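When reading the values below, keep in mind they use all heavy atoms of this one structure, side chains included, and skip hydrogens, waters and symmetry mates. Everything quoted here is computed from the prediction, not taken from an experiment. Just so we're on the same page: letters track the sequence lines, and every chain starts at 1.
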Amino acid sequence: GQNIDQPTEMTATEGAIVQINCTYQTSGFNGLFWYQQHAGEAPTFLSYNVLDGLEEKGRFSSFLSRSKGYSYLLLKELQMKDSASYLCAVRADDYKLSFGAGTTVTVRA
Amino acid sequence: GAGVSQSPSNKVTEKGKDVELRCDPISGHTALYWYRQSLGQGLEFLIYFQGNSAPDKSGLPSDRFSAERTGGSVSTLTIQRTQQEDSAVYLCASSHPGLNQPQHFGDGTRLSIL
């Protein structure tokens, strides 16, 4: 089976930086995805990593180390609208994604 | 529409009844996926379609669950003789083929079994 771990909850202040870690043990690896999900809404795609290193996209960055089975999502200049659940997902084979349970981020004023 | 559309958005039914959930993928997306999301748990893979074929049905929890896709577009997920443990949000996603292609999700159907 696939094992994907991420913290359950994180709290940060508006304007600050938060780093959400994800560790994985999977039978294969064809990329790691991060999604954002607001309560009652669809998960929306944030980032994709397949090679080691940092991918930056505006206020959001995602890092991958394949040798360590580790990724993080970095959210900078936090805004109230960033309060959501963040899902780490690994594509272990050719199609389906295996998801972590999600990290609920609460941004406080 | 531009995104993945699912209906109904909410469904409440009695234990033992059959339910049918519908998914309209993004136009041109050949791959379609069904997941289930229970409170406090990660998304659980149910089934994958490439075109009208389902090469992987391994995630379906029991033989009460079935799914089909017609015309390479709309898909329906059917749950027969529903049980309380079937209560969850059922999410559909679609994508272009390719390992780096993200899956785009619908808002889901919230299913409650009384």
Side-chain angles (χ1 to χ4, degrees), chain A residues 1-9 20 22-51 53 55 57 60 62 64 66 71 73 84-104, chain B residues 1-7 9-10 23-26 29-51 53-60 67 88-112:
Chain A
Q2 325 296 354
N3 192 32
I4 298 164
D5 290 316
Q6 49 182 132
T8 305
E9 295 180 339
I20 307 168
C22 172
T23 57
Y24 63 90
Q25 291 176 303
T26 56
S27 55
F29 185 82
N30 277 319
L32 187 144
F33 296 78
W34 284 96
Y35 283 82
Q36 179 191 60
Q37 186 178 27
H38 286 100
E41 297 183 9
T44 55
F45 169 71
L46 289 178
S47 68
Y48 169 74
N49 295 72
V50 68
L51 300 176
E55 295 281 342
K57 195 183 290 187
F60 293 2
S62 56
L64 176 67
R66 293 186 60 169
S71 173
L73 180 69
S85 182
Y86 292 84
L87 312 178
C88 174
V90 173
R91 176 170 271 152
D93 52 30
D94 289 343
Y95 46 90
K96 68 176 180 267
L97 297 178
S98 296
F99 284 83
T103 299
T104 300
Chain B
V4 177
S5 177
Q6 292 188 245
S7 62
S9 54
N10 285 284
C23 173
D24 257 296
I26 293 172
H29 280 188
T30 58
L32 186 146
Y33 313 79
W34 284 97
Y35 293 87
R36 179 167 71 174
Q37 187 173 32
S38 301
L39 194 62
Q41 303 199 5
L43 274 72
E44 174 191 6
F45 169 80
L46 298 178
I47 190 169
Y48 155 70
F49 287 92
Q50 179 57 45
S53 300
D56 187 352
K57 303 179 181 179
S58 63
L60 294 176
V89 177
Y90 289 81
L91 289 161
C92 175
S94 69
S95 74
H96 288 298
L99 295 176
N100 65 340
Q101 295 298 312
Q103 296 177 17
H104 298 271
F105 286 82
D107 285 338
T109 294
R110 183 174 299 278
L111 178 63
S112 300

Novice: So which of A:Gln6, A:Arg91, A:Glu41 has the largest heavy-atom pair count under 4.5 angstrom toward chain B?
Specialist: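 Option with the greatest count: A:Arg91.
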Novice: Can you list everything that forms a side chain to side chain contact (heavy atoms under 4.5 Å, CB included) with A:Arg66? Sequence neighbours excluded, please.
Specialist: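 A:Tyr24, A:Phe29, A:Asp52, A:Leu64.
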Novice: So if I take each residue of residues 99-107 of chain B and look for any heavy atom under 4.5 Å from a heavy atom in chain A, which residues do I end up with?
Specialist: B:Leu99, B:Asn100, B:Gln101, B:Pro102, B:Gln103, B:Phe105, B:Gly106, B:Asp107
Novice: May I ask you to name which of A:Leu87, A:Leu97, A:Asn30 has the most heavy-atom pairs under 4.5 Å with chain B?
Specialist: A:Leu97
Novice: Side chain, backbone, both or neither: which part of A:Phe45 has a heavy atom under 4.5 Å from chain B?
Specialist: side chain
Novice: Between A:Ile4 and chain B, with a heavy-atom cut-off of 4.5 Å, which part of the residue counts as in contact: side chain, backbone, both or neither?
Specialist: neither
Novice: Side chains of residues 36-45 of chain B: which donor-acceptor pairs under 3.5 Å do they make with residues two or more places apart or in other chains?
Specialist:
residue, atom, partner, partner atom, Å
B:Arg36, NE, B:Glu44, OE1, 3.1
B:Arg36, NH1, B:Tyr90, OH, 3.4
B:Arg36, NH2, B:Glu44, OE1, 3.2
B:Gln37, OE1, A:Gln37, NE2, 3.1
B:Gln37, NE2, A:Gln37, OE1, 3.0

Novice: Shorter than 4.5 Å, heavy atoms on both sides: which option in A:Gly102, A:Cys88, A:Gly31, A:Pro43 has the most such pairs with chain B?
Specialist: A:Pro43
Novice: Work out which heavy atom in A:Lys96 is nearest to a heavy atom in B:Ser58; give both atom names and the distance.
Specialist: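 Closest approach of A:Lys96 to B:Ser58, heavy atoms only: NZ-OG, 4.4 Å.
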Novice: Output all residues satisfying side chain to side chain contact (heavy atoms under 4.5 Å, CB included) with A:Gln25, sequence neighbours left out; order by chain, then residue number.
Specialist: A:Asn3
